[in-house]
Structure formats: structure tokens, C-alpha cells
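Below is one structure, written out as C-alpha cells; comments come after it.
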Amino acid sequence: MVHRPIRTGDDMPDDEPTVGPLPRLGRRVRAVLGLLLEDPGREVWPYWLDQQPATRGGDNYQVLKRLAGAGWLSRREESGKPNARVLYRLTPVGEARAREALQRPDALRPRDTR
């Protein structure tokens with residue numbers, strides 16, 4: 001029997017994405033997912049999201065980073081440019097999960113007020 005070490009998302013190659021659920025989808029995450037689902041093949045970057053009315057005025061970098069960390073987005077850096085952007089795009093599994101999550105009535109749960 002061959003034992004393989006358990007691998008985390010940080011040391012897995014790109015061809016083996018780890019896709020996990022997001023436990024809570026707040027207003028900003030839902031807005032970002034809605035924009036991404038308008039054109040699932042579009043690559044976006046934080047500044048582009050900052051310019052959109054639905055996602056203006058927030059920390060879109062953290063939202064994209066969180067979605068990428070959960071495996072819902074792929075991430076790539078532009079090459080050959082002095083100020084290269086980091087571009088994000090929905091993965092096929094991320095697209096399916098996003099559609100499902102935005103249709104759930106409990107996708108946006110109120111915060112515990114205790």
C-alpha cells in the first residue's frame with residue numbers, strides 16, 4: 001500500500017483544484033458573484049470591481065482572494081507588463097457553486113446579535 005501525504009490547497013498543482021463551500025455569503029460577496037456570473041469567462045481584477053456600481057467602495061481584493069482560496073476562482077498574473085495585474089475568473093465548479101449559492105434563500109444569513 002502506498003501512502004501519499006495529505007496535500008493542502010497551497011501545495012496542490014493547478015490541475016487539481018480544491019473547491020470548498022463558503023460558509024456565509026455577505027452582500028459584497030453576493031454582488032461580486034453576481035457580476036462574475038454575468039460573463040463567467042471574463043477575467044476581473046480588484047480595481048475593475050471597484051469601478052462597478054454594485055461593488056464600489058469596498059475591499060474587493062479580499063473578496064477575490066477569499067473566493068480563489070475556496071477554489072471558486074482561478075488566479076493568474078499578467079506577464080510582460082511593469083505593473084502586472086492579478087486576474088481572477090470563475091472556475092467551472094465555482095460557477096456552478098455560485099449559481100447555487102445565489103439561489104439559496106439562506107445564502108445571506110443575518111449576523112448573530114447576541
For this session: Calculate, to the nearest 0.5 Å, the distance between atoms CZ and CZ belonging to Arg89 and Arg42 respectively.
Result: 11.5 Å
Seminar exercise, completed: One should read off an interatomic distance between Leu73 CG and Glu95 CD, to the nearest 0.5 angstrom, of 11.5 Å
Exercise. Closest heavy-atom contact between Ala98 and Leu33?
Worked result: CB-CD2, 3.8 Å
Exercise. Which heavy atom of Ala54 sits nearest a heavy atom of Ala31, and at what distance?
Worked result: O-CB, 3.6 Å
Problem set entry | Test log, rule side-chain contact (heavy atoms from CB on, under 4.5 Å), inputs Arg75 and Val86 | CA-CA 7 Å; Arg75 176 188 185 277; Val86 177; 3.5 Å; yes
Problem set entry | Verdict with supporting geometry, Asn60 and Val44, side-chain contact (heavy atoms from CB on, under 4.5 Å) | CA-CA 11 Å; Asn60 292 304; Val44 301; over 6 Å; no
For this session: Using modelled atom types only, decide if a donor and an acceptor are shared between the side chain of Glu78 and the backbone of Arg85 within a distance under 3.5 Å.
Result: yes
Problem set entry | Atom pair CG/CH2 of Leu64 and Trp45 - distance to nearest 0.5 Å | 11.5 Å
Problem set entry | Short side-chain to backbone donor-acceptor contact, Thr55 and Asp50, under 3.5 Å | no
Problem set entry | Spacing of CZ belonging to Arg28 relative to CZ belonging to Arg66, to within rounding of 0.5 Å | 12.5 Å
For this session: Measure the spacing between CG of Leu90 and CZ of Arg97 and express it to the nearest 0.5 Å.
Result: 13.0 Å
Exercise. Short question: side chain of Arg30, backbone of Leu25 - any donor-acceptor pair under 3.5 Å?
Worked result: no
Exercise. For the atom pair OH (Tyr88) and OH (Tyr61), what is the distance rounded to the nearest 0.5 Å?
Worked result: 5.0 Å
Exercise. Which pair of heavy atoms, one from Arg76 and one from Glu43, lies closest together, and at what distance?
Worked result: NE-OE2, 2.7 Å
For this session: Could you tell me whether the side chain of Thr91 and the main chain of Trp72 form a donor-acceptor pair under 3.5 Å?
Result: yes
